[in-house]
Protein chains: 2
Amino acid sequence: MHQQPATARRVTIVDVARQAGVSTTAVSKVLRDAYGTSPHMRSRVRAAVDELGYRPSAAARALRGRTWTLGVMLPDVRNPFFADILDGVGEHLDDTEYQLFMTSGCNDATSEARVTEAMIDRSMDGLILIAPVSPPAHLDRLARTVPTVVIGRHSHSPRFDTVNDDDFTGAGLMVAHLAGLGHHRIAHIEHHETDRIRLAEMPNALRADGYRHAMHQHGLGEHIDIASTTYTRDGGYHGARILLDRKNPPTAIFAGADVVALGVLDALTEAGLSVPGDVSVAGYDNITLAGFRAISLTSVDQAGHRIGSTAARLLLERITDHTRPAAQVKLSPTAVVRGTTGPPR
Amino acid sequence: MHQQPATARRVTIVDVARQAGVSTTAVSKVLRDAYGTSPHMRSRVRAAVDELGYRPSAAARALRGRTWTLGVMLPDVRNPFFADILDGVGEHLDDTEYQLFMTSGCNDATSEARVTEAMIDRSMDGLILIAPVSPPAHLDRLARTVPTVVIGRHSHSPRFDTVNDDDFTGAGLMVAHLAGLGHHRIAHIEHHETDRIRLAEMPNALRADGYRHAMHQHGLGEHIDIASTTYTRDGGYHGARILLDRKNPPTAIFAGADVVALGVLDALTEAGLSVPGDVSVAGYDNITLAGFRAISLTSVDQAGHRIGSTAARLLLERITDHTRPAAQVKLSPTAVVRGTTGPPR
DNA sequence: GTGAAAGCGCTAACAG
DNA sequence: CTGTTAGCGCTTTCAC
């Protein structure tokens, strides 16, 4: 903190000790519910703390023990799915002393490294990484330094826990829904991925795999049609343009993410096509927006809230016990059918 | 950070000093570009830092100087307008050593206090508060402790800077647009506010005032019609229901925020009314979503990006010079006309 | 059950 | 220009 012109100096543990007539050691112990404090001492210290409005300095604590600070790395505040995850994390942490801080805007390995370093520099007690793109080796090194939980990445490191939704199954659910409506030409828009390792770990790749697999299962293998763009609104727009330009355009477009589906809707609106009359559209993530009546997007729900609370639970466990073997939690998605999908013409 | 089983102990300033063959003071000085370092020493230290991969501990620094950490308090990650602000803040900070951390989910004075305390406990060098609801006295006390910039609140404290968009004028712009299209029965949905002080400081109140004022100016005083709900999607939905149930329902609804307008669109869709054929709809904030073709919402643009970068600039200035008089920056909004507004039937 | 004392990694006086 | 020294506020042995 910045020193003010000799205004109120911050209350320290020494002040509390003096006020309570005990040692600083005693205060420290009471504050941390440590062993070796008498009820009498506890009450005296508590009273002094309240009276003086004492708050422990996290910075000073950091030099010896923990900071009671957790960091969440968010790729993008704009993706509403991440907000659901945050809700879940926050809810689990509400009853604890931990305080959560997040960063956003990490979209490449370099800025991810910068941010995680910054979190370590600040002695955070644990990290939750949402959909990181860094190479597995980097994540591993990181997790060796600080307890870490990774969300949205199908890794199997012994050093950190992972929480994921089963993207392969989720994509299958949506293909089943569309096929059940009678669609054959069901196209998919995927997030273009070149990195070999990430191809196996990133949800986008698994969704595309799930799509392919399900298409085959429904006897629609010949109709597999994938536009490879990005998981953004623009990516959806361009993906739709590509698909609509086919000789035989699809009757249903399954976008790998809701934001992509929104871009698809933009393109269809522009092309004067009706939804779901001319083309059915489905997304993935079930962002809050998908439920808006004006949009009413059929989507796959990932239970972001549960993902978040699970991650928080695992992180606290790992902070308490470093040696616990790493867990890989996989949650089950569900299809949410709304107004943008219907039978083909 | 949590100590690992005797794995790599973190590199400290002592290690660097030994490696470079100089004192820790020297290292510290070089790192902070302080006065009194020879080129030769600088290069030796820099080399040692790189070789050892040394990173200063923010926790240790905090006990003496600054932490190079700034905090942003965000009421709600889901409001996309805040993302624009964050972009602006982040951009201004990119060239600096400062690292930004944010919290979200502060929707009442109690949780705001909890979060700001947490930031102070962690020795953050400066705070940016976005649309705080705490009483002015609390903000004042806070700003006495740590350099603070408040966004989205028309206060005039000598202790902290404020950055705002001119909400009064913005509301007037939208009324002018709708009146210019030929609308008379232009209704407004406001965020219900009871607190007397906040009535004068909060943007929502100023927007409602601006609406009233502009209606009078356009000779539409008799048509002033306000539904008082909340700045949420639900608030918009219910506000629209209220307005549509009037004997003489409005031909245009000006919502105090884009999220509210989205709820209005929901209600209109449900009621089978066309937009803008039956009813024109306008929002406020120009969130990214408003630009989506599938929505195409007419709105007031607040230049969130500029708000953010201005706030960051002011905060850094204030950290450097505590005595600089507080600034109140007011930016000018613009109307963005899209597809949800048109002439009345 | 309780407290004295050492020290976490860094910065700021102050000598040299 | 450079290094020695004394803390910052807390936790943690380790005596008592």
Side-chain angles (χ1 to χ4, degrees), chain A residues 1-4 6 8-45 48-49 52-69 97 120-125, chain B residues 1-4 6 8-45 48-49 52-69 97 120-125:
Chain A
M1 185 178 53
H2 261 63
Q3 56 289 7
Q4 285 294 316
R9 189 180 52 80
R10 196 179 163 103
V11 176
T12 75
I13 202 172
V14 178
D15 302 315
V16 176
R18 193 182 315 127
Q19 169 91 2
V22 298
S23 71
T24 59
T25 310
V27 178
S28 176
K29 277 183 178 167
V30 172
L31 258 41
R32 289 173 297 114
D33 283 320
Y35 172 82
T37 56
S38 66
H40 176 248
M41 175 191 266
R42 273 201 293 277
S43 63
R44 285 193 61 80
V45 170
V49 165
L52 267 42
Y54 167 73
R55 302 197 45 113
S57 150
R61 281 186 152 176
L63 250 41
R64 294 316 235 112
R66 44 177 78 172
T67 53
W68 302 99
T69 307
E97 289 206 45
I120 292 175
D121 293 345
R122 280 148 189 86
S123 309
M124 292 192 174
D125 290 336
Chain B
M1 185 179 55
H2 261 62
Q3 55 291 7
Q4 285 292 320
R9 186 181 54 80
R10 195 178 162 101
V11 177
T12 76
I13 202 171
V14 178
D15 302 316
V16 177
R18 191 183 316 124
Q19 170 91 4
V22 297
S23 70
T24 58
T25 310
V27 178
S28 176
K29 277 183 179 166
V30 171
L31 257 41
R32 291 174 295 115
D33 282 321
Y35 173 82
T37 53
S38 66
H40 176 247
M41 177 190 264
R42 274 202 291 278
S43 64
R44 283 193 65 80
V45 170
V49 164
L52 266 43
Y54 167 74
R55 302 199 44 115
S57 151
R61 283 185 150 177
L63 250 43
R64 292 320 235 116
R66 41 178 77 171
T67 53
W68 302 101
T69 307
E97 287 207 42
I120 292 175
D121 293 345
R122 280 149 189 86
S123 310
M124 292 191 173
D125 291 336

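First the proteins, then the strands, lettered A, B, ... as listed; each starts at 1.
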Length of the line joining [X]:[atom1] and [N]:[atom2], which is rounded to integer Å:
| X | N | atom1 | atom2 | value |
| --- | --- | --- | --- | --- |
| A:R64 | D:dC8 | CZ | C1' | 14 Å |
| A:K29 | C:dT2 | NZ | C1' | 6 Å |
| B:R66 | C:dA12 | CZ | C1' | 14 Å |
| B:D121 | D:dG9 | CG | C1' | 13 Å |
| A:I13 | C:dA4 | CD1 | C1' | 14 Å |
| A:R44 | C:dG3 | CZ | P | 11 Å |
| A:R32 | D:dG9 | CZ | P | 18 Å |
| A:L52 | D:dG9 | CG | P | 14 Å |

Q | Name of the residue among A:V49, A:V30, A:L31, A:V22 meeting side-chain contact (heavy atoms from CB on, under 4.5 Å) with A:V16 | A | A:V49
Should the side chain of [X] and the base of [N] be counted as holding a donor-acceptor pair, with the cut-off at 3.5 Å?
| X | N | result |
| --- | --- | --- |
| A:T24 | C:dA4 | no |
| A:T37 | C:dT2 | no |
| B:S23 | D:dT4 | no |

**Q.** Working for side-chain contact (heavy atoms from CB on, under 4.5 Å), residues A:R55 and B:I120
**A.** CA-CA 10 Å; A:R55 302 197 45 113; B:I120 292 175; over 6 Å; no
Q: Starting from the first five and the last five pairs of the helix from C:dG1-D:dC16 to C:dG16-D:dC1, work out the angle between the resulting helix axes, to 10 degrees.
A: 40°
Q. Does the side chain of A:T69 come under 3.5 Å of the side chain of B:R122 through a donor N or O and an acceptor N or O?
A. yes
Closest approach of [X] to [Y] (non-hydrogen atoms, all atoms of both residues):
| X | Y | value |
| --- | --- | --- |
| A:K29 | A:T37 | CB-CG2, 3.7 Å |
| B:I13 | B:T24 | CD1-O, 3.7 Å |
| A:S28 | A:R32 | OG-NH2, 2.9 Å |

**Q.** A:S123 side chain vs B:A59 backbone, donor-acceptor pair below 3.5 Å
**A.** no
Q) If each of A:A60 and B:H40 is mapped to the nucleotide of DNA chain D with the nearest heavy atom, which maps nearer the 5' terminus, i.e. the 5' end? A) B:H40
(Q) For a quick check of understanding: with a heavy-atom distance under 4.0 Å over all strands, which category does B:T25 fall into, base, sugar-phosphate or nothing? (A) base
**Q.** Residue-phosphate contact under 4.0 Å: B:R61 side-chain N/O, C:dG9 OP1/OP2
**A.** no
Between [options], which one does the side chain of [X] approach most closely?
| X | options | value |
| --- | --- | --- |
| A:S28 | D:dT12, D:dT4, C:dC10 | D:dT12 |
| A:S57 | D:dG9, D:dA6, C:dA4 | D:dG9 |
| A:L63 | C:dA12, D:dC10, C:dC8 | C:dC8 |

